[in-house]
J.: 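Before I ask anything, here is the structure I am working with.
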Amino acid sequence: MSRVVGIDLGTTNSLVAYVKDGAPMVIRDGAGDALVPSIVSIDDDGTIIVGREAQRRLLSAPGRTVYSVKRFMGQGVEDVQEASGLLPFGVGGDPGGVVRISVAGQEFTPPEISAFVLRELKRRAEEHFREQGEFDFEVDRAVITVPAYFNDAQRTATRDAGRLAGLDVLRIINEPTAASLAYGMASRDRGTIAVYDFGGGTFDVSILKVEDGVFQVLSTNGDTHLGGDDIDALLTAEVRRKIGGAAGDDSNDELIQAVRKAAIQAKRDLSSEEETELRLEPMAGAPAGYRQRMTRTDFERTILPLIERTLEPCRQALADAELGPSDIEEVILVGGSTRIPLVRRLVHELFGRQPHSELNPDEVVALGAAVQADILVSGRREMLLLDVTPLSLGIETMGGVMSKIILRNSTIPASGREMFTSYADNQTAVDVHVLQGERELVTDCRSLARFRLRGIPPMPAGMPRIEVQFQIDANGILSVSAKELRTSIEQTIEVKPAYGLTDEEVERMLIESFEHAETDIEARLLIEARNEAETVIHATEKSLCRPDFDQLAADALESGEPERITLALSAAKHALEGSDRDLILQTTEALNKATRHLAEVVMNRSVREALAGKNVRDV
Ligand code: ADP
Ligand code: MG
């Protein structure tokens, strides 16, 4: 059997992990380094270079080197205009199309660049297994993590990247969920978890609820342009100011990069030491053998405003989840920048509890992905219980009403079915309109797909038994099938719903559904009343129009009965012109009563005619 791994495909760093003898572990290179910088450089001869070596080329070959590609995954050209001006590589593409990255005279899509990183991780893992003397060292399946706020396009782009790298992506899971899994939170009966993820270029906070092994993201927030890079920039600027003179010259790239490198080293040192010395190699613009003592206190004073910028998104995420800091039972630190003691202190203060940091914050997401991968291949029960549908799914029924088949927050995989019928005589096809949303009316829901079930033999309205079945697989992919049970005619369609909306859209639709709940129900009740009225009116008119009606009335109806029926009929039709639901209900009920006897008479006659050799369909 081939190997399956868990991959954290990060903006700054990526890494791969697997479960060995029941425990997750990250795969390191010969030097003990687990992190592969998510940087890709294309050499003169077309060779693809990934990781640390590519990182060095950011300086030596900036026009051939791509970084931060995760920011462009699943994005359209319009989404990235603001970012593209600031990068050394070209970011463009056709209007309305996907982003294309031009580097070293070639064009790539973001998934292609990410695939280079994934291929490097796959290679590393295979090398690791081979060194372990394993016979089956091929790695062809993976679980890959994405930020919780990633939408369908971004998740699909990630899956595509995996496919391009020769990996069967078993599952895409949320980074905060992965971090929680790594900490064994799935075994909690219930709990609320805050995941604070401060990485290289982004800050994300997620509030999760876990119940019986099911994780649900209650809210996410963050800042897509706040991370360790900003700390580096701040520190670099400060050191340059201190050196003064030529160090302040913005065109002295070499010196700026040297200062940056020294600043990053000092930053890292100060996460474990109280004091460090920033040193510069002798070079143009730097005083010979420049040294600068730096204490953690100085450092913290410099970066405090920056770290404080992470607190507001945390408060917002709590508010969105309708929770206070004291409702949070576990706080998990993720991302290399949470190694900074000041960050830990502020997080501790905000949530009023010690955050988890027992696992390496830059490895914890990959460890969790490995746990999930292991759960999937070993077929343990929890695999079924990792996510929920964000919005209800259903189909359109008569009168433009959404009939829900799978309710929001159902754990996936999930399925549901409902029976429908035709509403016109001799209907040979029915349209199935698949919808997503919480509102009662179709016009307020999102249309996911439409398809047509054809080939139904002509039958009277209400006779066909059409079963519509919804099935969401573990990846959130919905398939819908419709089957006419009397004839076994069937149609199936695959729709992608669960992540088809951005989180904002999901949120907006949820809020609207609460706001509109009352008017929706009113509208729905009115539609139902109309449908009922129309059915009764239609049936009555059909009877009255029978060619043998006069004969039938003379034989079986009481005197005055036809007149009473006609009167009730016109009252019901009149009511139907307005939108007074009570009046529609009343007149329908009256018509129902007035025609009860007639219906019996017609039925008896039909049965007799059928027995006399006539076809039921002609009756
Ligand atoms: P991402 O999730 O964005 O890919 P990581 O979680 O790997 O990134 O975080 C990378 C960031 O963590 C970088 O800015 C790096 O400088 C920072 N970092 C790593 N180790 C430390 C440390 N010991 N102290 C402070 N910052 C660190
Ligand atoms: Mg990360």
Side-chain angles (χ1 to χ4, degrees), residues 6-17 26 28 32-40 50-52 54-55 58 67-71 73 114 117-118 120-121 144-150 154 158 173-180 182 195-206 220 222-236 260-274 276 278 294 296 299-300 302-303 306-307 310 332-347 357 359-369:
I7 291 175
D8 172 3
L9 185 59
T11 310
T12 318
N13 295 303
S14 299
L15 65 161
V16 52
V26 301
R28 296 171 197 283
D33 194 358
L35 304 183
V36 174
S38 308
I39 303 175
V40 173
V50 178
R52 295 274 168 227
Q55 191 172 35
L58 274 179
Y67 60 93
S68 281
V69 71
K70 187 171 179 177
R71 294 187 186 280
M73 294 287 272
S114 290
V117 176
L118 290 172
E120 169 64 17
L121 295 171
I144 304 180
T145 59
V146 295
Y149 60 78
F150 255 30
Q154 292 168 301
T158 305
I173 67 168
N174 292 331
E175 288 162 11
T177 305
S180 305
V195 180
Y196 178 103
D197 182 349
F198 198 22
T202 56
F203 168 67
D204 300 312
V205 56
S206 314
T220 67
D223 187 333
T224 50
H225 291 280
L226 180 61
D229 295 346
D230 300 283
I231 298 176
D232 304 344
L234 207 59
L235 221 51
T236 305
R260 212 177 90 89
K261 201 170 154 195
I264 293 174
Q265 191 53 53
K267 167 182 89 167
R268 291 168 162 268
D269 291 348
L270 289 173
S271 287
S272 48
E273 318 281 330
E274 284 295 335
T276 187
L278 180 144
M294 205 186 271
R296 190 184 280 173
F299 173 66
E300 290 184 348
T302 308
I303 65 166
L306 224 147
I307 310 303
T310 66
I332 294 177
L333 294 179
V334 177
S337 300
T338 63
R339 290 180 188 269
I340 298 169
L342 174 65
V343 172
R344 298 188 172 190
R345 249 184 1 253
L346 292 184
V347 174
S357 59
L359 299 172
N360 279 337
D362 33 25
E363 296 178 356
V364 58
V365 168
L367 291 172

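Since the structure is predicted, the reported quantities are computational estimates derived from the model, not experimental observations. Note that ligands are numbered from 1 as they come in the structure, with each ligand's atoms numbered from 1 the same way.
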J.: Any heavy atom of Thr202 sitting closer than 4.0 Å to ligand 1?
T.: no
J.: Answer yes or no: does atom CZ of Arg344 have more than 12 heavy-atom neighbours from other residues, nucleotides or ligands under 6.0 Å?
T.: yes
J.: At less than 4.0 angstrom from any non-hydrogen atom of Gly10, what atoms of ligand 1 do you find?
T.: 4 (O)
J.: Would you confirm whether Lys70, through its side chain, and Leu9, through its main-chain N or O, come within 3.5 Å as a donor-acceptor pair?
T.: yes
J.: Distance-only, no hydrogens or angles: does the Arg296 side chain make a donor-acceptor pair with backbone N or O of Pro341 under 3.5 Å?
T.: no
J.: Spell out, as yes or no, whether a donor-acceptor pair under 3.5 Å connects the side chain of Ser337 to the backbone of Gly199.
T.: yes
J.: Might you point out which heavy atoms bring Thr236 and Ala263 nearest each other, and give the distance in Å?
T.: OG1-CB, 4.0 Å
J.: Looking at Gly200, which atoms of ligand 1 are within less than 4.0 Å of one of its heavy atoms?
T.: 1 (P), 3 (O), 8 (O), 9 (O), 10 (C), 11 (C), 13 (C), 14 (O)
J.: Near Ile340, which atoms of ligand 1 are under 4.0 Å from a heavy atom of that residue?
T.: 25 (C)
J.: Could you tell me which non-hydrogen atom of Ile307 sits nearest to which non-hydrogen atom of Thr310, and how far apart they are?
T.: O-OG1, 2.7 Å
J.: Which atoms from ligand 1 have a heavy atom of Thr12 less than 4.0 Å away?
T.: 1 (P), 3 (O), 4 (O), 8 (O)
J.: Which residue holds the protein heavy atom closest to atom 19 (C) of ligand 1, what is that atom called, and what is the gap in Å?
T.: Arg268 NH2, 3.6 Å
J.: Please confirm whether the backbone N or O of Val195 pairs with a side-chain atom of Ser206, one donor and one acceptor, at under 3.5 Å?
T.: no
J.: Keeping Asn360 on the side-chain end and Asp362 on the backbone end, is there a donor-acceptor pair under 3.5 Å?
T.: no
J.: Can Ser337 be said to touch ligand 1, with heavy atoms closer than 4.0 Å?
T.: yes
J.: Suppose I only count heavy atoms of Gly335 and a 4.0 Å limit; which atoms of ligand 1 are within that range?
T.: 6 (O)
J.: Just jot down the ligand 1 atoms closer than 4.0 angstrom to any heavy atom of Ser271, in number order.
T.: 22 (C), 23 (N), 24 (N), 25 (C)
J.: Heavy atom to atom 26 (N) of ligand 1, shortest distance: which of Arg339, Lys267, Glu175, Lys70 holds it?
T.: Lys267
J.: I need the nearest protein heavy-atom contact for atom 2 (O) of ligand 1: residue, atom name and distance, please.
T.: Gly199 CA, 4.2 Å
J.: I want to confirm something. Looking only at heavy atoms, which of Ser14, Pro361, Ser38, Gly336 is nearest to atom 27 (C) of ligand 1?
T.: Gly336
J.: Just to confirm my output: which protein heavy-atom neighbour is closest to atom 7 (O) of ligand 1, and how far is it?
T.: Asn13 ND2, 2.8 Å
J.: For a quick test of reading the model, state the closest non-hydrogen atom pair linking Ser38 to Asn13 and the distance between them.
T.: OG-C, 3.4 Å
J.: If you have a sec, work out which protein heavy atom is nearest atom 14 (O) of ligand 1 and how many Å separate them, to one decimal?
T.: Gly228 CA, 3.3 Å
